Amino acid sequence: MIFNSIRWRLQLWHGLILVVVLVAFGVTAYQVARDNQLRRIDHELEQRLMTLFRPPPPPEPRGEAESARPGGARGPKRPDWSEFAAWLTQSVANAGATDATQTNGFYYVLWHEDGAVAARSPNGPPAVPAPERAGRFEASFRGDEPGRKEPGGPGGPPSLPRSRNTVREIYRFMPRGECLLAGHFMGPELAAMHRLALWLVIAGAGVLTLGLAGGWWLASRAIAPIDEISATATRIAGGDLSQRISSAETDNELGRLATVLNSTFARLEAAFAQQARFTADASHELRTPLAIILSQTQGALARDRTSAEYREALQACQRAAQRMRNLAESLLTLARLDAGQEPLERKTLNLADVARGCVELVRPLAAERTIEIQCDLPSVPCLGDADRLGQVAMNLLANAIQFNHERGTVRIAARTENGSVALSVTDTGPGIPAEDVPHIFERFYRVDKSRSRAQGRTGLGLSISKAIVEAHGGSIEVSSVPGAGSTFTVKLPAPP
Ligand code: ADP
């Protein structure tokens, strides 16, 4: 179904809006042109009507005219109404005579008050219906003396226009009821209007075609990145996580969407890679103790052994099993911390007390390696789970002792700084190579893999510490100078 496509829907709406705008524009333009045309014709008709209404006064001797007027007012003498009507009848009858060729297309008709034609110009149409008299015009003349008020003057009734087929007419009633009409054949004007309408239709169709083509091009351009995004997402769904959306324009909405999706895909790829690495590492870690158990049991069962040999084999199996249990517990803790399912207490505690407890636990280990532990542990209140934070401190202290020189030093310090509490563990060991520092908190990451594994270490201690600290809303970081030692610092939010 094509209307399920965004491109087609855009095109449809675009076309619809364009048609509505074009039709509205065309109709308005045609109406305006038609109104102008009619206004021009009406004006012309009005002028002609006025010309007939205002005949030049018959020439009179100057003195006689002034003495005949009441009050001696200056100005031309108005004709008597019956004289004027007779004059009008004559004028209308003569009007056609001046235009026998009918080239200007104007004609006049004068009706008596009883509706009979008083005069008509010969170039008019054969039958011109007399206009209906409207009561308001009669009222406007009631009580007027004929000739006192000029029909075409400011006090007279307005001229009224009407259209009949191809003619336009204007008429005006006299005070006594006569009606004078001026008309015009609109043939040329109507032809011009038809030409205009045709041009408007042709131009509208052209604009519509161009608009639809432009709209299609624009919609295609706008949709292209979405097609690209969808194609990339399909390839990623197919399993190729290295795919990225190539978007040249990053400044528009789709460009920004492509950037966000690319970074999401990158994180997805990294997460999948980490997951795969994690599974491989976990299998690898489990394989060694399993191999030990298998070889020990096979060796013990191959022939009869002395009880000391059986004991030795069983002890080896126990160590391997112990190692697997440590690993399984560490993995479970990590999985729970990742899922936010590890229950954490939120109690006010003294970080220094937690640290001191851990120091006491690792002292025998330090003594074994003649390592001195220095404590700088003033009282530092903190909000969190004492057992979990103790696990972090234990891991850092154990590492600081493990990865240290004989007769080295480990320093543990707690302090309050900038609205947070900090616990740092510094050793005087060989330090961590710069290229390993960014990976040190990754799961199963070990700088010296073979040695570390041989010592039964899982490579999960720092990952678990990081997960615990982050679950407390804190952070853990390391600074290390190869050959001089490392400092691990845990920062936790201070209690409110
Ligand atoms: P492990 O259980 O192997 O100690 P960790 O996650 O605690 O796992 O540590 C990961 C690796 O980081 C260690 O194998 C070691 O190589 C390195 N490391 C940790 N702490 C220190 C330290 N204080 N000095 C030097 N290297 C360290």
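Counting convention: from 1, in listed order, for ligands and their atoms alike. As the structure is a prediction and not an experimental result, all values here were calculated from the model.
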Residues [X] and [Y]: side-chain donor-acceptor under 3.5 angstrom:
X      : Y      : value
Asn404 : Thr428 : yes
Arg323 : Asn326 : no
Ser163 : Arg168 : yes

Relative to ligand 1, is [X] under 4.0 angstrom through side chain, backbone, both or neither, heavy atoms considered?
X      : answer
Tyr445 : backbone
Asn404 : neither
Leu462 : both
Val447 : both

Residue list, side-chain contact (heavy atoms from CB on, under 4.5 Å) with Met394, at least two apart or on another chain
Cys358, Leu361, Val362
Within-cut-off N or O pair, [X] and ligand 1, under 3.5 Å:
X      : result
Arg446 : no
Gly461 : yes
Ser463 : no

Numbering as shown, the atoms of ligand 1 that approach [X] to under 4.0 Å (heavy-atom distance):
X      : result
Ser486 : 24 (N)
Ile440 : 12 (O), 17 (C)
Gly459 : 1 (P), 2 (O), 3 (O), 6 (O), 8 (O)
Asn395 : 7 (O)

In terms of side-chain geometry, is the basic nitrogen of Arg346 or Asp385 positioned less than 4.0 Å from the acidic oxygen of its partner?
no
Tell me whether the guanidinium CZ or amine NZ of Arg48 lies under 6.0 angstrom from the six-membered ring centre of Phe106 and within 45° of its axis.
yes
Filter on ring-ring contact (aromatic ring centres under 6.0 Å, His included), then keep only pairs touching residues 413-442, sequence neighbours left out; what's left?
His439-Tyr445
Looking at Asp304, I'd like to know if its CG atom is crowded, meaning that more than 12 non-hydrogen atoms belonging to other residues, nucleotides or ligands lie closer than 6.0 Å.
no
Below 4.0 Å from any atom of ligand 1, is there a heavy atom belonging to Phe441?
no
